[in-house]
Amino acid sequence: MATLTSVGTLYRGGEGMWTWVLHRVTGVAVFFFLLVHVLDTALVRVSPEAYDLVIASYKTPIVNLLEVGLVGAVLYHAFNGLRVVLIDFWSKGPRYQRQMTWAIAAVWLLLMVPGTFFMLKHTVEAMFGSTS
Amino acid sequence: MTAVAEAPIAAPVATDVTFRVRRFLPEVDAEPHWEEYTVPLFPTDRVLTALEKIKGEVDGTLSFRRSCGHGICGSDAMRINGRNRLACKTLVKDLDISKPITVEAIKGLPLEKDLIVDMEPFFEAYRAVMPFLITDGHEPSRERLQSAEDRAKFDDGTKCILCACCTTSCPVYWTDGQYFGPAAIVAANRFIFDSRDSGAEQRLEILNEKEGVWRCRTTFNCTDACPRGIEVTKAIQEVKRALIFRR
Ligand code: HEM
Ligand code: SF4
Ligand code: SF4
Ligand code: FES
């Protein structure tokens, strides 16, 4: 008889569990962004040169991608936050939680597709040359 | 009309189904481990039948709780393919038998043996919300009457069989030794919204504490797990709303 690993399986929760996991992950991620952002902005009072140096170091394709990720995380966290508020306060909220999940996914995609395009436009042009 | 010979009904065939069971015998095992068993089953058989077959014909040491076998006693909650289910209400035909079906104890309660956990913390939370009728004033000389509309207000919660599928599917309950858990809140809801009961304020006070409803992160695992189809998250939300809007 096969003896396999001892750990239990991952609980196979539904959309509700995964939207919550993502909500917590994006919440913590946005918190760390804000922390760094407060620190780099505070640097301007210490030394404007150092501030300029740090801000200049952000002008790379990687940071540009991170910015897209940040916008995506903030948008998701905000929309899902509103969904959670509606689940808690609107009497019909719990019954429509699935529909609300698909609604926020749709709105998120609707904003992120053009948003990503415009946010990355400059980087792509700088890296591969402008066509215009 | 002349009688037409009916096509013979094909006899159901038993197929071999493999179960991957998380075993733990405290007398011999230091750690739980997985074991596989293959038993012949009909599509209409329940997972409980499979466990009984394994225990009766393959390995008599396999331990699990069950009593009614009909989804009413709440004994046999377990994790089947990663989700909390009653073994007696889960049919083989509803599972993917092309790969082994995993069966393990419910999560978040102390594991005692194989599929058996210590249910005491679960019942402790249940007792803490005072799940019984509380009345004041004179004892009436006849029944306590209630309109059909008032009865309907708490109907959902009356269906609970205290199986713990909901509470042990809750991510907050797993990681936090304090949370009362959804089942206790369903039980409290059942009395809070009962027009004959006058203990609502006391129960709301208990559920307003830090172990109470505010721990719920609306993940709906409990609602998805409930074998009685109770809208568990909605029952919790009703208590949250009562705490905010009623006073
Ligand atoms: C854009 C506006 C925002 C809205 C509408 C919002 C909404 C919410 C809501 C409703 C919750 C509770 C979730 C629950 O009970 O499951 C929550 C949790 C949380 N939020 Fe936000 N939030 C916003 C911005 C932020 C920001 C800027 C940060 C970071 C500094 C943040 C970090 C967190 C964290 C760490 C949690 C805890 C997650 C958890 O308990 O699972 N949020 N947010
Ligand atoms: S909805 Fe609330 S009580 Fe139910 S599983 Fe999620 S966190 Fe737990
Ligand atoms: S609410 Fe449902 S899942 Fe929870 S204990 Fe009652 S019957 Fe079981
Ligand atoms: S054996 Fe009673 S509920 Fe399953």
Side-chain angles (χ1 to χ4, degrees), chain A residues 1-32 34 72-108, chain B residues 18 20-24 29-38 54 58-59 79-85 100-108 111 168-174 213-214 216-225 231-245:
Chain A
M1 236 161 257
T3 298
L4 307 142
T5 54
S6 70
V7 286
T9 61
L10 186 71
Y11 194 88
R12 298 210 359 236
E15 303 92 334
M17 178 166 120
W18 298 113
T19 51
W20 165 72
V21 169
L22 245 188
H23 193 85
R24 182 163 282 188
V25 169
T26 53
V28 172
V30 172
F31 171 80
F32 279 107
L34 281 178
V74 169
L75 281 181
Y76 171 79
H77 190 92
F79 290 144
N80 192 56
L82 294 177
R83 170 179 159 268
V84 170
V85 169
L86 284 174
I87 291 171
D88 274 345
F89 293 110
W90 174 38
S91 62
K92 293 201 174 79
R95 283 217 177 133
Y96 290 104
Q97 66 101 1
R98 264 203 187 103
Q99 287 87 333
M100 290 196 285
T101 303
W102 299 122
I104 63 164
V107 177
W108 187 87
Chain B
T18 302
R20 207 167 155 247
V21 185
R22 193 163 183 250
R23 300 290 314 267
F24 176 62
D29 300 329
E31 284 276 322
H33 60 98
W34 292 92
E35 275 188 43
E36 287 191 2
Y37 305 93
T38 302
I54 295 167
V58 188
D59 185 345
R79 207 134 57 100
I80 300 169
N81 277 351
R83 295 191 175 103
N84 284 357
R85 295 289 181 260
I101 293 159
T102 63
V103 179
E104 60 202 302
I106 45 180
K107 216 173 139 105
L111 184 62
T168 59
S169 77
C170 175
V172 181
Y173 191 79
W174 302 329
V213 287
W214 306 114
C216 168
R217 303 254 80 92
T218 61
T219 68
F220 289 88
N221 276 9
C222 52
T223 304
D224 294 340
E231 292 177 276
V232 184
T233 314
K234 187 163 173 287
I236 299 170
Q237 184 242 29
E238 285 164 4
V239 175
K240 288 177 181 166
R241 280 165 51 92
L243 277 168
I244 295 168
F245 298 123

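Residue numbers begin at 1 in each chain, while the letters A, B, ... track the order of the sequences. No experiment lies behind these values; they were computed from the predicted model shown.
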**Study point:** Salt-bridge contact A:Arg98-B:Asp224 (side-chain N to carboxylate O under 4.0 Å)
**Key:** yes

Revision key, fill the gap. Here the pair of heavy atoms bringing A:Asp88 nearest to B:Arg241 is O-CG, 3.5 Å

Check your understanding: In terms of heavy-atom pairs under 4.5 Å, which option from B:Thr233, B:Asn81, B:Ile236 contacts chain A the most?
Key -> B:Asn81

Review point. So which of B:Lys240, B:Arg23, B:Lys234 has the largest heavy-atom pair count under 4.5 angstrom toward chain A?
Key: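 Heavy-atom pair counts peak at B:Lys234.
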
Keeping the roles fixed (side chain from [X], backbone from [Y]), state whether a donor-acceptor pair exists under 3.5 Å.
X	Y	result
B:Glu231	A:Arg95	no
A:Arg12	B:Arg83	no
B:Gln237	A:Trp90	yes

Check your understanding: Do the rings of B:Trp174 and A:Tyr11 sit parallel, tilted or perpendicular, given the 30° and 60° boundaries?
Key -> tilted

Between [X] and [Y], is any pair of side-chain heavy atoms under 4.5 Å apart?
X	Y	value
B:Trp34	A:Thr9	yes
A:Gln97	B:Thr218	no
B:Phe220	A:Trp20	no
A:Arg24	B:Arg217	yes

**Study point:** Toward chain A, the part of B:Arg79 with a non-hydrogen atom under 4.5 Å
**Key:**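 Side chain only.
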
Check your understanding: Quick one: what part of A:Leu10 sits under 4.5 Å from any heavy atom of chain B, side chain, backbone, both or neither?
Key ->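 The answer is the backbone of A:Leu10.
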
Revision key, fill the gap. If you tally heavy-atom pairs under 4.5 Å between each of A:Met17, A:Arg83, A:His23, A:Glu15 and chain B, the highest tally belongs to A:Met17

